[in-house]
Amino acid sequence: MTEPTFAPRVFSGIKPSGGLTLGNYLGAIKRFVQTQDAGTESIFCVVDLHAITVWQDPAELPGMTREVAAGYLASGIDPERSILFNQSQVAAHAELAWIFNCVARIGWMNRMTQFKDKAGKNAEKASLGLYAYPSLMAADILIYHATHVPVGEDQKQHVELTRDIAAKFNHDYKVDFFPLTEPVIEGPAMRIMNLRDGTKKMSKSGESDMERINMTDDADTIAKKFKKARTDPAPLPETPDELKDRPEAKNLVEIYAALSDSTAERVLAEHAGAGWGQFKPALADLAVDKLAPIADEMKRLMDDPAEIDRILARGAERAREIADPVLARTYEIVGLVR
Ligand code: ATP
Ligand code: MG
């Protein structure tokens with residue numbers, strides 16, 4: 001049997017689980033815009049059903065959903081060229097996730113490091129949804145037959161699991177229905193670290209605001225956070241190799257490289273020998289330069305929540321046009337009477 005060819009299509013999502021961070025911007029949104037601008041058919045989602053795998057205050061969730069939407073729009077996602085919507089408005093995601101819950105194996109879920117990190121020591125008390133999260137993520141991707149998923153490094157394992165689910169579905173039902181999706185993880189800042197602990201990822205749901213740069217932070221806050229960021233006493237070295245055992249230093253150099261569309265090599269070629277008292281203010285200026293216009297636009301957009309809701313509803317309508325026939329065909333393959 002010949003392999004079907006799937007037209008290139010990109011899907012990716014961000015949870016409304018807090019304010020957007022520099023990690024979300026460099027690891028995800030900035031690259032989404034590049035994908036869109038390169039002309040690839042692109043679908044971007046505010047994955048609200050993923051957010052509620054941990055407790056979200058219903059009074060705050062709509063605002064966070066709109067903030068993530070505003071972050072996409074302010075960074076350059078064009079809701080005409082791309083499809084932009086929130087997950088819960090397209091029921092097919094949750095429906096396909098159920099089918100995938102019956103395809104994925106418990107042993108696969110047990111290997112997921114994000115569950116271990118997020119559930120912590122008290123895994124028995126974590127929600128069943130947090131455990132099943134990767135199966136919903138596979139559905140998010142495969143309901144659009146997406147071929148490529150740009151994500152940060154932390155999500156690589158989940159995209160690989162998506163491939164396993166697609167392969168097992170295709171094998172069990174003797175079809176070539178779902179593509180084997182590729183994770184796209186390239187660039188200098190695919191895992192931005194926490195500013196206070198270079199061994200942990202920067203996350204929007206992290207405990208302290210000082211450990212992350214938010215996309216909406218003002219110039220003073222950004223300068224203060226970089227100033228207080230943990231570092232070691234040594235100056236900047238000449239080559240990236242010498243940053244191997246210096247996680248905090250490596251992180252700040254990589255942030256600088258990503259913000260300036262450069263590489264760690266080039267940043268070090270320019271700043272080797274500099275101390276932190278020199279490098280940190282330069283980094284803060286660069287971050288403000290890149291983030292301030294986006295933050296201003298986000299604020300402008302968030303002043304008109306009805307307009308954001310209209311954009312999301314229209315995006316959801318377009319998403320359903322792709323998703324619903326895929327779900328219908330899936331049900332048929334599985335043998336569910338319609
Ligand atoms: P949470 O703490 O709630 O998990 P998060 O900051 O990890 O929030 P997600 O919504 O889980 O954000 O992830 C959205 C996208 O941002 C994903 O593609 C993810 O890989 C990317 N991303 C998240 N954090 C980072 C980071 N520190 N560096 C690079 N990319 C990141
Ligand atoms: Mg995350």
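Just so you know, ligand 1 is whichever comes first in the structure, and atom 1 is the first atom listed for that ligand.
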Visitor: Below a 4.0 angstrom heavy-atom separation, can you tell me which part of Ser205, side chain or backbone, both or neither, approaches ligand 1?
Guide: both
Visitor: Is ligand 1 less than 4.0 angstrom away from at least one heavy atom of His50?
Guide: no
Visitor: Checking a contact table here: which protein heavy atom is nearest atom 31 (C) of ligand 1, and how many Å away?
Guide: Gly23 O, 3.5 Å
Visitor: Would one find an N or O of Asn24, backbone or side chain, under 3.5 Å from an N or O of ligand 1?
Guide: yes
Visitor: Which option out of Val151, Val46, Val149, Ile192 puts a heavy atom nearest to atom 27 (N) of ligand 1?
Guide: Ile192
Visitor: Under 3.5 Å between any N/O of Thr21 and any N/O of ligand 1: does that happen in this structure?
Guide: no
Visitor: Tell me if the aromatic rings of His93 and Phe85 count as close, with their centers under 6.0 Å from one another.
Guide: yes
Visitor: Where is the tightest heavy-atom contact between Lys118 and Leu130, given as atom of each residue plus distance?
Guide: CB-CD2, 4.0 Å
Visitor: Can you check whether His148 and Phe11 have ring centres sitting under 6.0 Å from each other?
Guide: no
Visitor: Could you check which of Lys201, Lys15, Gln56 puts a non-hydrogen atom nearest to atom 7 (O) of ligand 1?
Guide: Lys201
Visitor: Is the Phe279 ring parallel, tilted or perpendicular to the Trp276 ring (thresholds 30°, 60°)?
Guide: perpendicular
Visitor: List the residues meeting ring pair (Phe, Tyr, Trp, His ring centres under 6.0 Å) with Tyr131, not counting sequence neighbours, and say none if there are none.
Guide: Phe115
Visitor: Heavy atom under 4.0 Å from ligand 1: found in Ala28's side chain, backbone, both, or neither?
Guide: side chain
Visitor: Based purely on interatomic distance, does Met202 place a nitrogen or oxygen under 3.5 Å from a nitrogen or oxygen of ligand 1?
Guide: yes
Visitor: Would you mind checking which non-hydrogen protein atom is closest to atom 12 (O) of ligand 1, with the distance to 0.1 Å?
Guide: Lys204 NZ, 2.9 Å
Visitor: Identify, with sequence neighbours excluded, every residue that meets salt bridge (Lys or Arg N to Asp or Glu O under 4.0 Å) alongside Glu153.
Guide: Arg191
Visitor: Aromatic rings Phe6 and His145: how do their planes relate, parallel, tilted or perpendicular, breaks at 30° and 60°?
Guide: perpendicular
Visitor: Which part of Arg191 is near ligand 1, with near meaning a heavy atom under 4.0 Å away: side chain, backbone, both or neither?
Guide: backbone
Visitor: Which protein non-hydrogen atom lies closest to atom 29 (C) of ligand 1, naming both residue and atom, and how far is it?
Guide: Met190 O, 3.3 Å
Visitor: Any N or O of Gly152 that comes nearer than 3.5 Å to an N or O of ligand 1?
Guide: yes
Visitor: Taking the side chain as everything from C-beta on, heavy atoms only, tell me whether Pro240 gets closer than 4.5 Å to Val253.
Guide: no
